[in-house]
Amino acid sequence: NFGGFEGTTYTNNFFKISVTLPPDWITNTSEENRELEKQGMMQLGMNPSLDTTLTIEDYPSLYLMVAKGPGSEDSTIANVGLIAEKINASMAVADGQEYLTKVKAQIEGLANVQIDEGFPKASETLEGWSELNATLLFPQINGKLFQKIYARLNNGYVLQFSATYKNEAQ
């Protein structure tokens, strides 16, 4: 179940989540989200274009909702995303905090990235979710981006909600 929008509110009953976006945000189409999933599969050595037998259950990551803020056409200024990652033997985690600890290790392997101390932790703003904060330094955009990532386990998936923004006003 990919969920769907009614007005500016995205709802997914399978994952029991609802997200309301500001009216001026631009959401990806279903086709754009499926393309992101295919790119992820190709990074894992799978070829979804050649394998016509793949079903939704074969996809390791499902892009449920991606949206960009005004003036963010290149998606590097302000965006949010809701992704479901299938829990399997290669990504076995007990909870959202353990998942974010793995994400943190991946982020720390990147150049020019700082992680706020004390993260991941249980979120103070979203009950039942764990939270990770990262500051990403990008010389090519002459500054830094901030990212908050929330995660929780749900129906055999890790549900990840991320928000990327350039300044606190966003």
Side-chain angles (χ1 to χ4, degrees), residues 2-30 32-37 39-40 60-86 91 93 95-154 157-170:
F2 289 105
F5 277 93
E6 186 171 317
T8 60
T9 300
Y10 169 83
T11 302
N12 186 302
N13 293 327
F14 181 76
F15 291 113
K16 299 176 181 66
I17 189 165
S18 194
V19 178
T20 300
L21 300 171
D24 53 351
W25 281 54
I26 301 164
T27 59
N28 273 14
T29 64
S30 295
E32 290 170 318
N33 287 344
R34 300 302 73 82
E35 185 59 35
L36 290 171
E37 292 162 0
Q39 290 172 15
S61 298
L62 304 175
Y63 284 75
L64 303 174
M65 184 271 300
V66 177
K68 301 174 230 10
S72 301
E73 288 77 19
D74 63 1
S75 75
T76 61
I77 307 304
N79 66 66
V80 294
L82 185 61
I83 301 169
E85 287 198 50
K86 185 177 288 189
M91 207 269 291
V93 292
D95 56 27
Q97 191 157 344
E98 186 177 344
Y99 170 79
L100 288 177
T101 299
K102 290 183 178 197
V103 169
K104 179 180 178 182
Q106 290 174 339
I107 292 173
E108 288 174 332
L110 303 172
N112 299 321
V113 177
Q114 300 170 343
I115 304 288
D116 292 353
E117 291 302 314
F119 289 96
K121 65 175 187 173
S123 176
E124 297 169 7
T125 54
L126 295 173
E127 188 177 325
W129 293 74
S130 295
E131 176 182 352
L132 174 69
N133 291 314
T135 301
L136 312 167
L137 305 175
F138 293 105
Q140 67 270 27
I141 63 167
N142 202 19
K144 58 185 168 182
L145 295 176
F146 304 96
Q147 190 168 50
K148 285 186 179 285
I149 306 170
Y150 299 91
R152 74 174 189 205
L153 272 58
N154 192 311
Y157 289 83
V158 173
L159 194 57
Q160 173 189 313
F161 179 80
S162 62
T164 305
Y165 48 98
K166 191 167 184 173
N167 58 56
E168 292 297 328
Q170 294 176 317

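Along the sequence shown, residues carry numbers from 1. The structure presented is a predicted model; accordingly, all values stated were derived computationally and were not measured. Reckoned from all heavy atoms, side chains included, excluding hydrogens, waters and symmetry mates.
In this structure, Leu132 CG and Tyr99 OH are separated by 10.0 Å, a value rounded to the nearest 0.5 Å. Between Ser162 atom OG and Asn79 atom CG the span is 6.5 Å, to the nearest 0.5 Å. Taking OG1 from Thr9 and CG from Leu21, the interatomic distance works out to 7.5 Å, rounded to the nearest 0.5 Å. Here the straight-line distance linking atom CH2 of Trp129 with atom CG of Asp95 works out to 13.5 Å at 0.5 Å rounding.
Taking all atoms of both residues into account, the shortest heavy-atom contact from Asn12 to Gly3 is ND2-N, 3.4 Å. Between Leu153 and Gly96, the shortest heavy-atom contact is CD1-N, 3.5 Å.
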Show your working on side chain to side chain contact (heavy atoms under 4.5 Å, CB included) between Val80 and Val19 and close with a plain yes or no. CA-CA 10 Å; Val80 294; Val19 178; 5.8 Å; no
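Using a 4.5 Å cut-off on side-chain heavy atoms (C-beta onward), Val93 and Lys102 make contact.
Residues satisfying the side chain to side chain contact (heavy atoms under 4.5 Å, CB included) criterion with Leu82, sequence neighbours excluded, are Tyr10, Ile17, Leu64, Met65, Leu159, Phe161. Thr8 is linked by a side-chain hydrogen bond (donor to acceptor under 3.5 Å, both in side chains) to nothing, counting only residues two or more places apart in sequence or in another chain. With sequence neighbours left out, the side chain to side chain contact (heavy atoms under 4.5 Å, CB included) criterion links Asn154 to Phe15, Arg152. Ser30 meets the side-chain hydrogen bond (donor to acceptor under 3.5 Å, both in side chains) test with no other residue; sequence neighbours excluded.
Of the listed residues (Thr27, Thr164, Asn28), just one forms a side chain to side chain donor-acceptor pair (under 3.5 Å) with Lys68, and that residue is Asn28.
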